[in-house]
4 protein chains.
Amino acid sequence: MSPRSSKQFDDIRKQKKKLIMETALELFAEQGFHATSVSQIAQKAGISKGLTYNYFESKDDILHEIIEEGFKSIYSNFDINHDGVLTDDEYIYFIRQSFRIISENRNFWKLYFTIMIQHNVANLFEGEYIEKTQPILTTLLDFIKAKGSSDPEADILAIGSMLKGAYLMVVTSSDFFPADKLENAIIDASFKIMQSHNKSKIKQS
Amino acid sequence: MSPRSSKQFDDIRKQKKKLIMETALELFAEQGFHATSVSQIAQKAGISKGLTYNYFESKDDILHEIIEEGFKSIYSNFDINHDGVLTDDEYIYFIRQSFRIISENRNFWKLYFTIMIQHNVANLFEGEYIEKTQPILTTLLDFIKAKGSSDPEADILAIGSMLKGAYLMVVTSSDFFPADKLENAIIDASFKIMQSHNKSKIKQS
Amino acid sequence: MSPRSSKQFDDIRKQKKKLIMETALELFAEQGFHATSVSQIAQKAGISKGLTYNYFESKDDILHEIIEEGFKSIYSNFDINHDGVLTDDEYIYFIRQSFRIISENRNFWKLYFTIMIQHNVANLFEGEYIEKTQPILTTLLDFIKAKGSSDPEADILAIGSMLKGAYLMVVTSSDFFPADKLENAIIDASFKIMQSHNKSKIKQS
Amino acid sequence: MSPRSSKQFDDIRKQKKKLIMETALELFAEQGFHATSVSQIAQKAGISKGLTYNYFESKDDILHEIIEEGFKSIYSNFDINHDGVLTDDEYIYFIRQSFRIISENRNFWKLYFTIMIQHNVANLFEGEYIEKTQPILTTLLDFIKAKGSSDPEADILAIGSMLKGAYLMVVTSSDFFPADKLENAIIDASFKIMQSHNKSKIKQS
DNA sequence: GATGAATGAGCGTTCATTCAT
DNA sequence: TATGAATGAACGCTCATTCAT
């Protein structure tokens, strides 16, 4: 067989694999992993049940590859090789971009949140997770400090929570959800949190 | 010998039902509803599989009763019959209390978040959900307005996101998570959001 | 305990047993034996599941006692101690009476036919069955002979089939079934069969 | 290797389906529908329990397909497109044929009678049943009238009962049953019933 | 005599996975 | 590469039966 046709076969394999993963992701996100059967995936993808096992070792394996692939593509979308401190516009761009990524991959993120709640995601991807996440957190912390925060650790907790909650809203939201309003509110609020020098209202409980 | 009195039977029933629900909640929270089998529940509860069906009509029924019971106990913990506007201390108390409720029922809230992600929870409990939630949101909105917010709708989105995200952190956190620090950070941040009169940093994208 | 109260207890036992058997018969006839649960019987009879086993050894036992009791009461309704040959009126009375017995106990006969189809009933009641049935058949055969039948064995087959079929119709019939018309048709036809001296129309196939 | 052709798959499916239906019919007839388990069917057919559900949606579905198939083959065996009135020989042929069909499919008819007793079979197959049965009854009624019956409605009741009873005997009979003798007796008797102009012996009760 | 909680075997059914073709 | 028939373990659930009270 010529190398050319070998390459063609390879392309077919890649396409089929992608097709199966995309179909599975849709169903996993809609119904959950355990409530989705391999038959369903195969049927929706228009292939035979048996063929699935030509591309994946098991149903679990499909899930793992989806998650792995998802993470890879997410982090490749963030350009975190940032030397200095973010400008305000860069920060805003980062937030906006993260919203865009999530709303464009709502299925993946539904799945991600579901898994995250059940298992500690950091454990799932061990070193890799921290390795990828750390630079983002560091950059964010530097930015908060630069804005004059009186308690950067607290602020990053608050802002991180706010982002997580907002992402969750986007993921679970219906089509009529005012995504823009939320996005702007989160951006504004994060500046308020970083910049404000108010004394804390609270006494330790 | 005479048969057990009806009170005795009633006591047994209540106790067993509680045992089954608690056991099921643990497993549902850990593994998810679909990944948990009735056999597992029965085994962990130390009873026979068949007995489960003496107390619940179906596996679905167990879930429904857990959620119903959970909602009942949550809302009974919030005293929302509030006429005027919250004081700062009342607001702080409300937030602290909500954190306490969630961290004391982490299993229930794990389950709740998981279900919420798959099916819009508002749909699940339709009328009741909105009926119970609305007064809380109204009270919160009034408080935000009273604090002089320049855009209460945006602020409630931001604060709501922040709470949701923080709750999610508490639910998924390990035992070593600095819950107090998070709690304080969220309270401080929410005041910053409401009080700050800064002009918006953002231009519409 | 006085003999009197002992007798009272005995009466209670008999009544309860009868109640259970009647309730079970209704359900067995409607739904079939296997599709009827002991719980159903107990519930419909207004007693506890456990009590059933105070009166019957098993679910099978209930069925057996119903059938035994049914047979006893059927044969006790036929006065077959008949020396000579039946008169026409006695024959007609016998047929009419058999229809009455069946339509008054449709539930029992439904059950009887169902069991008969699955198992050879003669086997179920071995000696007893033949012992009870034989005199009836002998009396009938004598009557047919006396009416001048040219082939009594054939005629008893035909008349026997006709009765069996008619009984089956009564048992499965709705409330609007013209039972009288059927009864009269069967009586008339049976006389035609016995009396007619026609040559056979048929050649052996 | 290339996969089986779709004709090969089709052949396998048809053969297996037939095997399952035949095995199930045997067991349903012997033990009744409810007393027969899917495991039993599979074991007797020499396949796995799960495979059954590759061919039938449910246990109920097996029953339905058996009955449907049975009815189809029965009615296709009667040539009822009969314009004029039957000759005597045609009538005899019709009766003999019906006996043959039933004794060749005793299992199906056992099942049929059992179901008929519990649920009015006309209800089960509603329209179709009446549509198929009506022409047979009409042809029979015309024949009875042509033979000079003084009360055709009564005679068809009597003959119908006789046939039903005789069929039931054939179905429940052991291998030693004198089927020929019964068949001839029924044919003779039916002519006697139709032709006889005797006055009725009976007075209304 | 009477209750119903409790058991355990078995039911109908589903499904991840294998394999001959 | 691709098919779908086939398997077997496990699922949710039912029910005849037992037993402490």
Side-chain angles (χ1 to χ4, degrees), chain A residues 9 12-13 16 34-43 47-62, chain B residues 1-6 8-13 15-16 34-42 46-62, chain C residues 9 12-13 16 34-43 47-62, chain D residues 1-6 8-13 15-16 34-42 46-62:
Chain A
F9 279 132
I12 291 175
R13 275 197 74 85
K16 274 271 152 71
H34 282 102
T36 301
S37 73
V38 174
S39 301
Q40 259 178 82
I41 298 169
Q43 191 165 23
I47 62 170
S48 72
K49 223 186 325 181
L51 191 56
T52 311
Y53 289 86
N54 210 319
Y55 292 96
F56 299 91
E57 282 182 6
S58 66
K59 192 185 160 193
D60 275 11
D61 189 34
I62 302 178
Chain B
M1 230 177 284
S2 55
R4 270 177 272 233
S5 72
S6 79
Q8 280 176 311
F9 277 130
D10 223 56
D11 286 350
I12 292 174
R13 284 196 75 82
Q15 212 177 321
K16 272 279 149 68
H34 281 108
T36 302
S37 74
V38 175
S39 302
Q40 264 177 75
I41 298 169
I47 61 171
S48 71
K49 205 182 359 171
L51 188 59
T52 312
Y53 291 87
N54 209 322
Y55 293 96
F56 298 91
E57 282 184 4
S58 65
K59 192 186 162 192
D60 273 18
D61 189 35
I62 303 178
Chain C
F9 278 133
I12 290 175
R13 276 196 74 85
K16 273 270 153 72
H34 282 102
T36 301
S37 73
V38 174
S39 301
Q40 259 177 82
I41 298 170
Q43 191 165 22
I47 61 170
S48 74
K49 223 184 328 179
L51 190 56
T52 311
Y53 289 86
N54 209 319
Y55 292 96
F56 298 92
E57 282 182 5
S58 66
K59 192 186 161 192
D60 274 10
D61 190 34
I62 302 178
Chain D
M1 229 175 285
S2 55
R4 270 177 271 235
S5 72
S6 78
Q8 280 175 311
F9 279 129
D10 223 56
D11 287 350
I12 291 174
R13 285 195 75 83
Q15 212 177 321
K16 272 278 148 69
H34 280 108
T36 302
S37 74
V38 175
S39 303
Q40 264 176 73
I41 298 170
I47 61 171
S48 71
K49 207 177 5 169
L51 188 58
T52 311
Y53 290 87
N54 209 323
Y55 293 96
F56 298 91
E57 283 184 2
S58 65
K59 192 186 161 191
D60 273 18
D61 189 34
I62 303 178

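The chains referred to below are lettered A, B, ... by the order of the sequence lines, with proteins before strands, and numbering in each begins at 1. Reckoned from all heavy atoms, side chains included, excluding hydrogens, waters and symmetry mates.
Atom-to-atom, CZ of Phe9(D) to P of dG4(F) comes out at 6 Å; the value is rounded to the nearest Å. Distance, Phe56(D) CZ to dA5(F) C1': 15 Å, rounded to whole Å. Rounded to whole Å, the distance from CD1 on Ile62(D) to C1' on dG12(E) is 10 Å. Here dG1(E) presents its C1' atom at 8 Å from CZ of Arg13(C), a figure rounded to the nearest Å. Going from atom CD1 of Ile12(D) over to atom C1' of dT21(E) covers 9 Å, rounded to whole Å. When rounded to the nearest whole Å, the span between OH of Tyr55(A) and C1' of dT1(F) equals 6 Å.
Atom-to-atom distance recorded for Lys16(C):NZ and Asn54(C):CG is 10.0 Å, nearest 0.5 angstrom. One distance of note links OG1 of Thr52(A) with CD1 of Ile41(A); it measures 7.0 Å at 0.5 Å rounding.
Nearest heavy-atom pair across His34(B) and His34(A) is CB-CB, 3.6 Å. Considering all non-hydrogen atoms of both residues, Val38(B) and Lys49(B) come closest at CG1-CG, 4.0 Å.
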Taking protein heavy atoms under 4.0 Å as touching, what does nucleotides 12-18 of chain F look like 5' to 3' if B marks base contact, S marks sugar-phosphate-only contact and - marks none? BBB-SBB
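In this structure, Asp61(C) has no salt bridge (charged side-chain N to carboxylate O under 4.0 Å, His left out) partners at least two apart in sequence or on a different chain.
When the shell of 6.0 Å around CD of Gln8(B) is examined, it contains more than 12 heavy atoms from other residues, nucleotides or ligands.
Taking only side-chain nitrogens and oxygens, Asn54(C) comes nearer than 4.0 Å to OP1 or OP2 of dG1(E).
Of the candidates dA6(F), dG4(F), dA6(E), the closest approach to any side-chain atom of Ser48(A) belongs to dG4(F).
For DNA chain E, each stem of at least three Watson-Crick or G-U pairs (distances under 3.5 Å) is given as range with range: E:2-21 with F:2-21.
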